[in-house]
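Let me begin by presenting the structure, written as structure tokens, before commenting on it.
Because the structure is predicted, anything quoted here is derived from the model rather than measured. Every chain is numbered from 1, with letters handed out A, B, ... down the list of sequences. In what follows, every heavy atom counts, from backbone to side chain, and hydrogens, waters and symmetry copies are set aside.
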There are 2 protein chains.
Amino acid sequence: MIHSIPEPAIKRLSALYQLLCRLEKSGVQAISSKEIGERLDISAHTVRKDISYLREAQISGARYTVQKLKELIGRSLKFTTSRKACVVGLGKIGAAILNYSRFGGYGFDIVAGFDSNVNIVETLNADMDLFPSYMIPEVVTDRSIELAVLAVPADAAQLCADRLVKGGIKGIVNFSSALLTIDKKIAVSDVDVTKELRVLSAMISLADR
Amino acid sequence: MIHSIPEPAIKRLSALYQLLCRLEKSGVQAISSKEIGERLDISAHTVRKDISYLREAQISGARYTVQKLKELIGRSLKFTTSRKACVVGLGKIGAAILNYSRFGGYGFDIVAGFDSNVNIVETLNADMDLFPSYMIPEVVTDRSIELAVLAVPADAAQLCADRLVKGGIKGIVNFSSALLTIDKKIAVSDVDVTKELRVLSAMISLADR
DNA sequence: TCACAAATGTGAAAAAAATAACAGCTTAAG
DNA sequence: CTTAAGCTGTTATTTTTTTCACATTTGTGA
């Protein structure tokens, strides 16, 4: 059983999983921790340490078999069980994300979209079901949707988040610039361009010393 | 002088800055570390510690004055000096970001957009200058652009990143799903929906125990 | 004015994470 | 077959970050 993997390690392992998927497609068979480190910009030590959290030894001494390692991470972090996801807010960003729906096979499946503007819901022809926002709780519950991407204007974000919670959502990627007030049991990941730019700006300033 | 603020603290202070901007607009005058902690979902201890890195004591015992604290953080992290930024890739996501250009006053200003598709450059009527991608190095240098938002398809990302570096960029927010190989001196922040969803998915799995 | 509840700022302790070190396995070449 | 170079898994060490504890300050109400 997995004891408890440090959060930074989970993030790195997720990135590694993505890398392994690509390597597999390119036909690469094996890779060393050193090479992985170079690709992901982390040390080879860290790579091996992260993998060791998974408690299922590969053959020591030999380089990692791409396919086996991918499967190990996928199994450990449950990327194999595809979770259902939805997109809330079908403006430019939301629609763009929806179109990425070739997500299948990477650990989740976008199965629904929501927008308060009924016209958008009717005109946008996506290959998944679209609903008006007030139906969020119902649809999320009925379809066992676990993850949501929230891409609505800041002033609508809290309302939509509340609806998602009501439906029993387990994780939200918040693209709005709103700071959500939300039950701690729900995993939230904030993605805010302005925040990212600000952090970079600060890091540049402090790097100059 | 600022000695060295831990990176996690920089991120939290950036979020705090954003919160303070909003509180100021709402007319809130003062706030305690406890309240800040509740809003940002971190402990009051951490809030106070982070602020203490700025080495410029407020009056102890009294709650923080919103305006003063905002100014202190802004001054320390250089959010007052507005940096120039650009958007590379004017597809759906890039265009959406460009439209957020009411960014001024938050530490940066979007002053240019780039796309390989000349038609887009001509048809999109934004209130800033748009250029074809091959002009990136030139424009970035000439206009002293320090930050970039990279929102191009994965297969074009590395090329565009190289052009940005050539122009002397200092920080990149990478919205593409590509893993960039880039000089370590340049600050890069990866924003990838699939990665975020995958991390959330993993955290949910491991939380279930 | 005084006492008390409520804050802050910061050095110290604890916890978490990154890094290093090394024993032992694997592969390839001679 | 044997050796050497290279790689992994894991324990130990160091560094970083978070949490705690408490001296000190403010604001309030009697």
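- Residue Ser32(B) places no side-chain N or O under 4.0 Å from the OP1 or OP2 atom of dA7(C).
- Contact annotation: Arg48(B) does not reach the phosphate of dT19(D) (side-chain N/O to OP1 or OP2, under 4.0 Å).
- Taking all atoms of both residues into account, the shortest heavy-atom contact from Lys84(B) to Arg143(B) is CD-O, 3.2 Å.
- Distance, Lys68(B) NZ to dG9(C) P: 12 Å, rounded to whole Å.
- Rounded to whole angstrom, the span from the NE2 atom of His45(B) across to the C1' atom of dA14(C) amounts to 13 Å.
- A salt bridge is defined here as a Lys NZ or Arg NE, NH1 or NH2 lying under 4.0 Å from an Asp or Glu carboxylate O, and Arg83(B) with Asp109(B) fails to meet this definition.
- A straight line from CD1 of Ile51(A) to C1' of dT10(D) spans 13 Å, rounded to a whole angstrom.
- For Pro6(B), taking side-chain heavy atoms from C-beta onward, the closest of the listed nucleotides dT17(D), dG9(D), dA17(C) is dT17(D).
- Residue Thr46(A) places at least one side-chain N or O closer than 4.0 Å to OP1 or OP2 of dT19(C).
- The OH atom of Tyr53(A) sits 12 Å away from the P atom of dT19(C) (whole-angstrom rounding).
- The closest donor-acceptor contact from the side chain of Ser14(A) to the backbone of Ile10(A) lies under 3.5 Å.
- Which of dG27(D), dT26(C), dA17(C) sits closest to the side chain of Ala62(B) comes down to dG27(D).
- Using a 4.0 Å heavy-atom cutoff across all strands shown, Lys49(A) reaches at least one base atom of the nucleic acid.
- Other residues, nucleotides and ligands place no more than 12 heavy atoms under 6.0 Å from the CZ atom of Arg39(A).
- Closest-nucleotide positions on DNA chain C for Glu7(A) and Gly61(A) were compared, and the one nearer the 5' end corresponds to Glu7(A).
- Look at CD1 on Ile36(B): it is 12 Å from P on dA7(C), rounded to the nearest Å.
- Note on Ser33(A): a side-chain N or O is less than 4.0 Å away from OP1 or OP2 of dT8(D).
- Rounded to a whole Å, the CG atom of Asp50(B) is 7 Å from the P atom of dT18(D).
- Side-chain nitrogen and oxygen atoms of Arg63(B) include none within less than 4.0 Å of the OP1 or OP2 phosphate oxygen of dG27(D).
- Taking atom CD of residue Glu35(B) and atom C1' of nucleotide dT8(C), one finds them 14 Å apart after rounding to whole Å.
- Relative to the side chain of Arg12(B), the nucleotides dT18(D), dT17(D), dT8(D) differ in distance, and dT18(D) lies closest.
- Between the P atom of dC20(D) and the NZ atom of Lys34(B) lies a distance of 15 Å, rounded to the nearest Å.
- With Asp50(B) contributing its side chain and Leu13(B) its backbone, the two residues share no donor-acceptor pair below 3.5 Å.
- Dashed line: the shortest gap from a side-chain N or O of Tyr64(A) to OP1 or OP2 of dG9(D) is under 4.0 Å.
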